Amino acid sequence: MATATQSLKKKKINRIGLELPVYRGSKTTLCAGCGHNAISERIIDACFAMGIEPTQLVKLSGIGCSSKSPAYFLGSVHGFNTVHGRMPSVGTGALIANKNLVAIGVSGDGDTGAIGIGQFIHLMRRNLPIIYIIEDNGCYGLTKGQFSPTADVGSVLKTGVVNDLPPIDTCALAIQLGATFVARSFSGDKKQLTAILKAALSHRGTAMLDVLSPCVTFNDHEGSTKSYAYVKSHADQLEELDFVPYFEDISVDYEPGETQEVTLHDGSRLYLKKLAESYDPTDKMQALGVLHDTHERGEFATGLIYVKPAADDFLTTLNLVDEPLASLPEDRVRPSKAVLTEIMESLA
Amino acid sequence: MPASDVAVEERPAPSASVEPVVNDFSIQVATVNGSGSQTANLVLLRAIFQMGVPVSGKNMFPSNIAGLPTWFTIRTNKDGYIGWKKKTEVLVAMNPETAREDTLNLDADSMVVYDESLKLDSVRSDLVFYPVPFDRLVAEVTRDVKMRRRIRNMIYDGVLSRLLGVDLDQMEIALRKQFGNKVKVVALNRQALDVGYAFAEQHLEKRDPYRIESMDENGGRILIDGNAAAAIGCMMAGVTVVAWYPITPSSSLCETLIDYLRKYRVDKETGKASFAVVQAEDEIAALGMAIGAGWAGARSMTSTSGPGISLMGEFVGLAYYAEVPAVIFDVQRVGPSTGLPTRTAQGDVLSTAFLSHGDTRHPLLFPCSPEECYSMAVNAFDLAERFQTPVFVLSDLDLGMNQWMTQPFEYPAKPMDRGKVLDEETLERIGRFGRYRDVDGDGIPYRSVPGRSMPAYFCRGSGHNESAQYSERADDYQRNVDRLMRKFETFRNWLPAPVVEINRKARVGIIAYGTTHWAVVESRDQLRDEADLQTSYYRHRAYPFRSALASFIERHDRVYVVEQNRDAQMVTLMRTDLRPELAGRLRSVLHYNGQSIDARTITDDILIQEGYRVEFSEADELVPRDAGVGGE
Ligand SMILES: Cc1ncc(C[n+]2csc(CCOP(=O)(O)OP(=O)(O)O)c2C)c(N)n1
Ligand code: SF4
């Protein structure tokens, strides 16, 4: 089986017969070296590898450098660059209209943590099936480097301004609010981020990914806690991730005590090899504890922080008919003349 | 002995010998909100309606859940005027807090039904008083204390039935409409009606002139509030995605819609819904959801009032530039929350017409009746999809939350118009897909929808070229906003046409819109009858305006624009469209105190502006009754 996959890779054709360039977007206009560019690459990789049908994909974003990035991946896919901080509501409407869509939302730490915190909170509560990525650089890139609400206490701006307000931990918040897939990663960690993205594509419910993504132009200097150097040296990896998609027949041998297997909604499996401490990402309290402890140490816990594979998502609770609401024909959405007559009689 | 008692002895109360007043008076029921009087009031209203007498019912209620004064006013009018009238002739005083003042506000010869304990007959001597021992009577009906509170109000319906001649059986029919198959509840309420009736029969001698007599004026009409009518319209329009945030006076639109959708749009076999309703976290999110759904090809809507409109500003601009359909109901009310949010106004005309940043303009529909709330709701979804833009339906509290007689609703005559949505056939015909390309010369481009295997595009705000590619080029931007203006021009002839009534003898024209219509209809008759002033009438039903507007103004020397806001918002909007010479003929009649506009106010204002008189008739009240009435 492994060789079959390899030969597919050689031809650069995925399981639905598409080549990698189909998943690429237009040329990036972000700064060279911006973490957001690397994340776009990983999204392309993950969607290609998972063989996601581009006509069923939608990409959404708010406003910011991060939110511009959907133009730079999945070029043949419908996308919506909405308004600052309000992408969750647009995504919610789109998915209600067509529950078969696979949605990837890209936001920034300002877009989510500041202006969009309200919509973020309600998105997490609803467990809408969407992959929600925060490209987290601790600052506002597009408006030239002001602090964002994820900036750490004591972090210093280029201008010398020191942040003295505590950061919002979007992962802890998401877990508390009911998100069912919460991960933190780093734009520079190709292997981990790709595995998390693939797993997120296999999850049904909100997959909230906080991806540390340094801003090389405004927040990559000495004294910043969101610089490449700082993040690299302070990332505390919780587990080693191995993702096996449902369509690949691979069996994995592992030591029961050392590795945890999580089966995702579509049947894909995630193998989590324990590192330093034993960590169980299905344990909510442990997840919150680890976020708290690493934060206290000035570190970032990375990896799959929390997962609840089986939970009702928002669209399921709406109990919708099988076809997308958007494509229901007239005779299924306009009641008959008899109905109107009945109503009129009740009011006469 | 209080002084007023002496007066009672000196001036005998009016007697039944006065000329009867039939089907031409208002009944005001003063209660405390939360006391459950709504059922009794609706039963009374409906019974009169069923007797074929033209009626309208208005609820003046506080922004409060329980304990503050509420007035429900039923106007009966044999000539069919259903607008607001300031004076009431029949008072039912159930609220100790306001009973005195309510009584003092009446004109002489009015009648008062009141709770015995309030001793209102000591307040004035020139009214007809009917004391009723409500507590004792209700105790006859039931022992259940909770029930007593609920049906106490039915007693006054029974009393009024006897005194005014409202058919008891019609009241029972109205009760059944209200409670459906809850037989016991109907029976108990009927009993309360009977007890009230019997009491009046035995103890109250009719000494007032007010009477309801059956007519045959309401043939075929229905009784409904505008929000429920709009809800029915949305359902019949085939709405699939509804996102909303509660706000008076718009909440009942979505709440009623939910009831209807659950009843008629759930698959009987599978139990699954062909719709989704989401109560969003705020109005920003509500519209965001509607826009997301509209972008993805669904018929979507939201409903709100002024404060929500303010919050929606940014998203409306995005939808305008990105060209995404959505229907937005704005049930207008007075300004900011706290204070008068439960009072009516037409104050969002300008804010909705130009809502958002940059060069934006939006189509507005102005329903004046529940029938138009219904038909314009159906129409709004077609227009939003055809023109790929937000469409506003501007109702108001008076229309949305009050009971109106209206024509029954017609089944939509045309199939749904889903607009220019790209499919294979269309793609072949137009050759090349460019999301913002004006293929047909009407300013309306073709759009593709996610999930349907047609060419995709990246939807964003201001910066895009014809192919929806990112662009900051000056010419791309300007060409695009010019096309949006062409699209707006195309709108003019697709929107509901104005209703125009030309009077060849008239030098004076009147323009109005929405609920103001009903007061204007009555005022025009007053102007004709009282001052021999002939008028023509033009009722806006939509913005952008039709060219007929200019020709209407051309025909008249002076045109009065009547509206319910302080700043003459409609006049401002009209000025942007009219030649200065025509704009100069516009004058305003403005009403903005939170109450519905009434005919008298308009008539007086126009007569003063036309030089027929110098002061409002309110002022006339201050001079002796026999002086100065009538006017020149
Ligand atoms: C309503 C509104 N307010 C302010 C702005 C200006 N603005 C654009 S992007 C941005 C911050 C973006 O920061 P972030 O989300 O962290 O994204 P980044 O650029 O860092 O990737 C702001 C404040 C806007 N576009 N809209
Ligand atoms: S300013 Fe910062 S966030 Fe924006 S593109 Fe450049 S590096 Fe990236």
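None of the values given here were measured: they were computed from a predicted structure. Letters A, B, ... mirror the listed sequences (proteins, then strands); counts begin at 1. Heavy atoms only: backbone and side chains are in, while hydrogens, waters and symmetry mates are out.
Per-residue heavy-atom pair counts under 4.5 Å with chain A were compared for P408(B), A290(B), A243(B), P412(B), and the maximum is reached by P412(B). Counting heavy-atom pairs closer than 4.5 Å to chain A, the top-ranked of the candidates G238(B), S300(B), G317(B), A322(B) is G238(B). The choice from L315(A), V83(A), V77(A) that makes the most heavy-atom pairs within less than 4.5 Å of chain B is V83(A). Comparing A296(B), G288(B), A298(B) by how many heavy-atom pairs each has under 4.5 Å with chain A, the most go to G288(B). Ranked by heavy-atom pairs under 4.5 Å with chain B, the list Q119(A), E53(A), Q56(A), R125(A) is led by Q119(A). Counting heavy-atom pairs closer than 4.5 Å to chain A, the top residue among A237(B), G297(B), A286(B) is G297(B). Among I96(A), I121(A), V339(A), L60(A), the residue with the largest count of heavy-atom pairs under 4.5 Å with chain B is V339(A). Taking chain A as the reference chain and counting heavy-atom pairs below 4.5 Å, the highest number among D267(B), V324(B), I222(B), L287(B) is found for I222(B). Highest contact tally toward chain A, considering only P455(B), A273(B), G461(B), is held by A273(B) [criterion: heavy-atom pairs under 4.5 Å]. Options S76(A), G118(A), A71(A) differ in how many heavy-atom pairs under 4.5 Å they form with chain B, and the most are formed by A71(A).
With a 4.5 Å cut-off on side-chain heavy atoms, P335(A) and M236(B) count as touching. Looking at heavy atoms from C-beta onward, S89(A) lies in side-chain contact with F315(B) at the 4.5 angstrom threshold.
Dense packing is recorded around CG of D331(A), with more than 12 heavy atoms of other residues, nucleotides or ligands lying under 6.0 Å away. In Y321(B), the OH atom is crowded: over 12 heavy atoms of neighbouring residues, nucleotides or ligands sit closer than 6.0 Å. Residue E410(B) qualifies as open at atom CD: its count of foreign heavy atoms under 6.0 Å is 12 or below. Dense packing is recorded around CZ of R221(B), with more than 12 heavy atoms of other residues, nucleotides or ligands lying under 6.0 Å away.
Note that CG of D322(A) is 7.0 Å distant from OG1 of T270(B), once rounded to the nearest 0.5 Å. Rounding to the nearest 0.5 Å places CG of L340(A) at 7.5 Å from CE of M235(B).
Here the side chain of N319(A) pairs a donor or acceptor atom with the backbone of G271(B) at under 3.5 angstrom. In terms of modelled atom types and a separation under 3.5 Å, the side chain of R332(A) and the main chain of R265(B) share no donor-acceptor contact. A donor-acceptor pair is defined here as one N or O able to donate and one able to accept, closer than 3.5 Å; no such pair exists between the side chain of K59(A) and the backbone of F458(B).
Across all their heavy atoms, S274(B) and V321(A) have their closest contact at N-CG1, 4.0 Å. Across all their heavy atoms, L325(A) and V241(B) have their closest contact at CD1-CG2, 4.2 Å. The minimum heavy-atom distance linking T55(A) with S453(B) is given by the pair CG2-CA, 3.8 Å. When every heavy atom of N98(A) is checked against every heavy atom of G451(B), the shortest pair comes out as ND2-CA, 4.0 Å.
For chain A, the nearby part of F275(B) is the backbone; its heavy atoms alone come within less than 4.5 Å. Looking at E345(A), the atoms closer than 4.5 Å to chain B (heavy atoms on both sides) all sit in the backbone: N, CA, C or O. Proximity to chain A (any heavy atom under 4.5 Å) is shown, for V266(B), by neither the backbone nor the side chain. Using a 4.5 Å cut-off between heavy atoms, S327(A) contacts chain B through both its backbone and its side chain. Residue R126(A) touches chain B through its side chain alone, counting heavy-atom pairs closer than 4.5 Å. Of the two parts of V378(B), only the side chain, counted from C-beta on, holds a non-hydrogen atom closer than 4.5 Å to a non-hydrogen atom of chain A. Both the backbone and the side chain of L223(B) come within contact range of chain A, with heavy atoms under 4.5 Å apart. For chain B, no part of S26(A) is nearby; none of its heavy atoms comes within less than 4.5 Å. Heavy-atom distances place the side chain of L101(A), and not its backbone, under 4.5 Å from chain B.
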Requested in this report: Begin with the C-alpha distance, continue with both residues' side-chain angles, and end with the deciding distance and a verdict on side chain to side chain contact (heavy atoms under 4.5 Å, CB included) for M344(A) and Y411(B).
Outcome: CA-CA 11 Å; M344(A) 288 303 102; Y411(B) 194 72; over 6 Å; no
Query raised in the report: Should I343(A) and F409(B) be marked as a side chain to side chain contact (heavy atoms under 4.5 Å, CB included) after you check the CA-CA gap, both sets of side-chain angles, and the distance that decides it?
Result: CA-CA 10 Å; I343(A) 297 172; F409(B) 309 157; over 6 Å; no
Report task. Kindly indicate, with the supporting measurements, whether the criterion side chain to side chain contact (heavy atoms under 4.5 Å, CB included) is fulfilled by Y470(B) and N81(A). Result -> CA-CA 11 Å; Y470(B) 185 80; N81(A) 202 166; over 6 Å; no
Report task. Apply side chain to side chain contact (heavy atoms under 4.5 Å, CB included) to the pair R299(B) and V333(A), showing each step before the final yes or no. Result -> CA-CA 10 Å; R299(B) 287 211 144 175; V333(A) 295; over 6 Å; no
